Amino acid sequence: MKIDYTIFESLHNPQGTKNTTSWADLCRMLQDVPAYQSKAAQPLIKLGTFDNSSRGQGSSLTAIGGVEIDYDAGNVTAHSAAKLLRQAGIECVICSTYTSRMDCPKWRVFAPTSRTLPAELRTYLVSALDGVLGNIAARESYTPKQTFFYGRNPDTSYVFLHLKGEFVDVALKDAANAAYLADKRAQRQREELAATTCLRAETQRNRKAAGRLVVGQVSPIDEFNNSHDVRSILKTHGYRATGSKFVAPASSSGMAGVVILQGDDGRDRAFSHHTNDPIADGLAHDAFDLFCILDHGGDEWAAIQAAAKLLTTSSGESLHSYNRNAYRQNRTNTKAQAALDKIKGVAA
């Protein structure tokens with residue numbers, strides 16, 4: 001079986017080189033690695049491929065040919081890990097890392113998949129593999145774009161173990177599927193809650209904004225939502241479309257975590273599953289909400305004012321000017337009515 005993988009010359013170079021080889025040849029490469037004078041001098045490997053073979057900002061892991069697990073706690077030996085993986089019948093390689101010592105073992109597992117798989121499945125396979133090991137993997141093992149050093153330390157003994165068995169996606173199919181289904185259920189629950197909660201929040205927002213309007217004025221929020229769509233706003237702010245989803249600019253995983261939900265009112269709203277995204281607040285956001293958060297730091301009044309200046313009426317007049325004139329006319333009418341009421345009161 002052929003495996004696609006990517007090699008990076010150094011930690012500081014985000015541009016990699018895509019390679020394709022057999023699992024047997026990749027095992028030989030990992031077994032016969034040269035010695036390096038420092039950890040930083042080593043190249044890095046990823047059992048997968050990236051957009052344009054780059055792991056830089058804005059790039060994504062697109063597919064995997066296997067998964068990697070890093071262990072650096074220093075308590076469990078590579079041979080102890082091998083015993084667990086052998087019992088589970090998993091085909092893999094275990095090799096020591098550069099800073100591993102006899103009294104502080106550190107190692108890495110490379111486990112191939114039976115075929116090229118979508119990158120979004122990596123997390124579930126890592127979770128299943130980590131479960132076999134007793135959930136001892138370092139946190140970075142779960143980061144989709146994480147790349148891993150490989151090479152020998154000339155001052156320590158290099159451990160290389162090749163275990164025969166089933167491909168990781170075959171051997172751990174049930175556990176990975178269970179993790180996948182549980183995650184999807186949790187995502188659906190978050191999205192359903194966000195869709196319900198956002199309607200209450202929007203109702204409160206719209207009522208508050210409507211309270212500021214006088215007779216004849218037009219709501220900038222309603223007009224903005226009627227003339228803008230969430231997808232265009234996301235793209236304007238650097239969110240990258242991946243199919244029907246989006247990747248947030250600050251995403252460290254490179255995975256698409258922003259989904260578009262359609263409410264019962266037919267309006268699209270964006271909901272983010274990312275953890276480091278300004279719109280990831282547990283709510284689904286309409287176009288005006290995105291404008292408010294992404295362009296005005298959540299300042300609703302500033303966003304309303306800016307939207308009014310941005311929008312125009314059918315006659316070409318800015319909505320800001322239109323509403324200002326409507327306000328002045330309303331004041332004039334109110335004063336005239338008050339004067340008329342006063343005259344009627346005197347006459348009575």
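Note that the coordinates shown come from a computational prediction; the quantities given were computed from them, not determined experimentally.
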If we ignore hydrogens and angles and just use 3.5 Å, is the side chain of [X] paired with the main-chain N or O of [Y] as donor and acceptor?
{"X": "S141", "Y": "A138", "value": "yes"}
{"X": "N225", "Y": "F288", "value": "yes"}
{"X": "N276", "Y": "A250", "value": "yes"}
{"X": "S127", "Y": "T123", "value": "no"}
{"X": "E68", "Y": "L47", "value": "yes"}
{"X": "D130", "Y": "A137", "value": "yes"}
{"X": "Q42", "Y": "F149", "value": "no"}
{"X": "T62", "Y": "T49", "value": "yes"}
{"X": "S59", "Y": "G56", "value": "yes"}
{"X": "T147", "Y": "I45", "value": "no"}

Do [X] and [Y] have side chains that approach each other closer than 4.5 Å (heavy atoms only, starting at C-beta)?
{"X": "Q217", "Y": "N330", "result": "no"}
{"X": "P278", "Y": "L294", "result": "yes"}
{"X": "S219", "Y": "N206", "result": "no"}
{"X": "S315", "Y": "Y322", "result": "no"}
{"X": "V93", "Y": "Q31", "result": "no"}
{"X": "V230", "Y": "H285", "result": "no"}
{"X": "L172", "Y": "V132", "result": "yes"}
{"X": "K164", "Y": "E91", "result": "yes"}

Test side-chain contact (heavy atoms from CB on, under 4.5 Å) applied to Y5 and N19, step by step: CA-CA 5 Å; Y5 65 99; N19 299 270; 3.4 Å; yes

Near-ring test F50/F8, centroid separation under 6.0 angstrom: yes

Taking every non-hydrogen atom, the tightest pair across [X] and [Y]:
{"X": "L125", "Y": "D169", "value": "CD2-CA, 3.8 Å"}
{"X": "H274", "Y": "A256", "value": "NE2-C, 4.4 Å"}
{"X": "A81", "Y": "V76", "value": "N-CG1, 4.3 Å"}
{"X": "A284", "Y": "E202", "value": "O-OE2, 4.3 Å"}
{"X": "G151", "Y": "Y158", "value": "O-CE1, 4.0 Å"}
{"X": "P144", "Y": "M255", "value": "CG-CG, 3.7 Å"}

Counting only heavy atoms from other residues, nucleotides and ligands, does the tally under 6.0 Å from [atom1] of [X] exceed 12?
{"X": "R331", "atom1": "CZ", "answer": "no"}
{"X": "Q15", "atom1": "CD", "answer": "yes"}
{"X": "D25", "atom1": "CG", "answer": "yes"}
{"X": "E9", "atom1": "CD", "answer": "no"}

Between [X] and [Y], is there a shared hydrophobic cluster once you connect ILVMFWY residues whose side-chain heavy atoms come closer than 4.5 Å?
{"X": "L163", "Y": "L133", "value": "yes"}
{"X": "V259", "Y": "I279", "value": "no"}
{"X": "I293", "Y": "L234", "value": "yes"}
{"X": "V218", "Y": "L310", "value": "yes"}
{"X": "V126", "Y": "L117", "value": "yes"}

Residues in ring-ring contact (aromatic ring centres under 6.0 Å, His included) contact with H296, at least two apart in sequence or another chain: F291

Reported [atom1]-to-[atom2] distance for the pair [X] and [Y], which is rounded to 0.5 angstrom:
{"X": "Y98", "Y": "T156", "atom1": "OH", "atom2": "OG1", "value": "7.5 Å"}
{"X": "I69", "Y": "Y142", "atom1": "CD1", "atom2": "OH", "value": "6.0 Å"}
{"X": "I7", "Y": "M29", "atom1": "CD1", "atom2": "CE", "value": "4.5 Å"}
{"X": "K46", "Y": "R122", "atom1": "NZ", "atom2": "CZ", "value": "3.5 Å"}
{"X": "D289", "Y": "I233", "atom1": "CG", "atom2": "CD1", "value": "9.5 Å"}
{"X": "D70", "Y": "R139", "atom1": "CG", "atom2": "CZ", "value": "13.5 Å"}

Step-by-step salt bridge (Lys or Arg N to Asp or Glu O under 4.0 Å) determination, R269 to E191: CA-CA 11 Å; R269 294 172 176 84; E191 291 168 7; over 6 Å; no

Trace of the salt bridge (Lys or Arg N to Asp or Glu O under 4.0 Å) decision for K184 with E120: CA-CA 12 Å; K184 291 304 178 184; E120 70 168 324; 3.6 Å; yes

State, without any angle test, whether [X] and [Y] hold a side-chain donor-acceptor pair at a distance under 3.5 Å.
{"X": "R55", "Y": "T6", "value": "no"}
{"X": "Q329", "Y": "N325", "value": "no"}
{"X": "S80", "Y": "T77", "value": "yes"}

Verdict with reasoning, D286 to R205, per side-chain contact (heavy atoms from CB on, under 4.5 Å): CA-CA 12 Å; D286 61 18; R205 176 199 68 190; 2.9 Å; yes

H237 vs F246, side-chain contact (heavy atoms from CB on, under 4.5 Å): CA-CA, chis, key distance, verdict: CA-CA 11 Å; H237 288 85; F246 289 82; over 6 Å; no

Whether Y71 and W107 hold their rings parallel, tilted or perpendicular, with breakpoints at 30° and 60°: parallel

Intermediate values then yes/no, side-chain contact (heavy atoms from CB on, under 4.5 Å), Y239 and D277: CA-CA 10 Å; Y239 289 76; D277 184 359; 2.5 Å; yes

D229 vs R231, salt bridge (Lys or Arg N to Asp or Glu O under 4.0 Å): CA-CA, chis, key distance, verdict: CA-CA 6 Å; D229 68 276; R231 291 175 178 82; 5.4 Å; no

